[in-house]
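Reading through the structure tokens given below for one structure.
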Amino acid sequence: ILNVEQSPQSLHVQEGDSTNFTCSFPSSNFYALHWYRWETAKSPEALFVMTLNGDEKKKGRISATLNTKEGYSYLYIKGSQPEDSATYLCAFDSNTGNQFYFGTGTSLTVIP
Amino acid sequence: DVKVTQSSRYLVKRTGEKVFLECVQDMDHENMFWYRQDPGLGLRLIYFSYDVKMKEKGDIPEGYSVSREKKERFSLILESASTNQTSMYLCASSLMTGAVNTEAFFGQGTRLTVV
């Protein structure tokens, strides 16, 4: 079992605050790092798939960075809105197998 | 619009029953996965399949089996349901490019309660 860790486990922020959270993963056998957003009563949906060291991806107010050499990725949300409330999952995709290795997620609550 | 569909949103079963959870995807994906999600534990992989009739154990296969007779359908079977299998079950699929996955697409989840 590969160890993928996310921190913090949960986060409460005020509307308008910016926030970020971390995903740590093994630095060996790396192929890709995925970020998913999982809103209550919905299915997890992919935000980003990142494959290159130094990659930065952006979708609206959400962005992510990737450091494969040290094994971490940051997800940033600028100017949080209540609709950003969700659990954010990262998943490590190694080049040695077919499966994803998910972290336990960061639960974000944005207070209006 | 791509779709992964799970047969039931909510299910209540009795201890000892044989339970079938069905998942169908319409994207012609090679890989299909079954996860369970429990508070504080994240998504844990039960089984996955990378081709028809092929399956591999994930991290927590005990008490479960799977079947993949057609590419689009992946079934999870609880041979004899127990209360500790009460959980949210998520099915997912992904495309293989070379030896690795593209993003996963998830079903809506089945909340199973075993009484």
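Proteins come first, then strands; the chains are lettered A, B, ... in the order of their sequence lines, and each starts at number 1. Worth saying up front: this structure is predicted, and the values here are computed from it rather than measured.
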Check your understanding: Does atom CD of A:Glu39 have more than 12 heavy-atom neighbours from other groups under 6.0 Å away?
Key -> yes

Study note, to complete from the structure: Heavy atoms of B:Thr102 and A:His34 approach each other most closely as O-CE1, 3.5 Å

Exercise for review: Could you please spell out the steps behind the side chain to side chain contact (heavy atoms under 4.5 Å, CB included) verdict for A:Trp38 and B:Gln37?
Suggested key: CA-CA 12 Å; A:Trp38 191 2; B:Gln37 193 258 344; 3.6 Å; yes

Review point. Which region of B:Arg111, side chain (C-beta onward) or backbone (N, CA, C, O), has a non-hydrogen atom less than 4.5 Å from a non-hydrogen atom of chain A, or is it both or neither?
Key: neither

Exercise for review: With the side chain counted from C-beta on, respond yes when A:Phe48 and B:Glu103 share a heavy-atom pair under 4.5 Å apart, and no when they do not.
Suggested key: no

Check your understanding: Does A:Thr104 reach the main-chain N or O of B:Leu41 with its side chain, forming a donor-acceptor pair under 3.5 Å?
Key -> no

Point to revise | Side chain, backbone, both or neither of A:Ala41 within contact of chain B (heavy atoms, under 4.5 Å) | key: both

Review point. When rounded to the nearest 0.5 angstrom, what is the spacing between OH in B:Tyr35 and CD in A:Gln99?
Key: 7.0 Å

Exercise for review: Using the salt bridge (Lys or Arg N to Asp or Glu O under 4.0 Å) rule, collect all pairs that involve residues 4-21 of chain A, keeping only residues at least two apart or in two chains.
Suggested key: none

Check your understanding: Among all residues two or more places apart in sequence or in another chain, which pass the ring-ring contact (aromatic ring centres under 6.0 Å, His included) test with A:Tyr88?
Key -> A:Phe21

Exercise for review: Flag the pair B:Phe106 / A:Tyr36 as yes when their ring centroid distance falls below 6.0 Å, and as no otherwise.
Suggested key: yes

Exercise for review: Establish whether A:Val4 and A:Leu47 are linked, either directly or via other cluster members, by ILVMFWY side-chain heavy-atom contacts under 4.5 Å.
Suggested key: yes

Check your understanding: Non-hydrogen atoms of chain A under 4.5 Å away: do they reach the side chain of B:Ala104, the backbone, both or neither?
Key -> both

Practice item. May I ask you to test the A:Phe100-B:Ser94 pair for a side-chain heavy-atom distance under 4.5 Å? Key: yes

Review point. Quick one: does A:Ser43's side chain get under 4.5 Å of B:Leu90's, heavy atoms only?
Key: no

Exercise for review: State yes or no: do A:Tyr101 and A:Leu33 share one hydrophobic cluster built from I, L, V, M, F, W and Y residues joined by side-chain heavy-atom distances below 4.5 Å, directly or via other members?
Suggested key: yes

Exercise for review: Tell me, yes or no, whether the heavy-atom count around B:Lys71 atom NZ, taken from other residues, nucleotides or ligands under 6.0 Å, exceeds 12.
Suggested key: yes

Review point. Same cluster for B:Ile77 and B:Ile46 if Ile/Leu/Val/Met/Phe/Trp/Tyr side chains link at under 4.5 Å?
Key: no

Practice item. Flag yes if B:Leu43 and B:Ile60 sit in one hydrophobic cluster, no otherwise; membership is Ile, Leu, Val, Met, Phe, Trp, Tyr, and two members link when side-chain heavy atoms are under 4.5 Å apart. Key: no

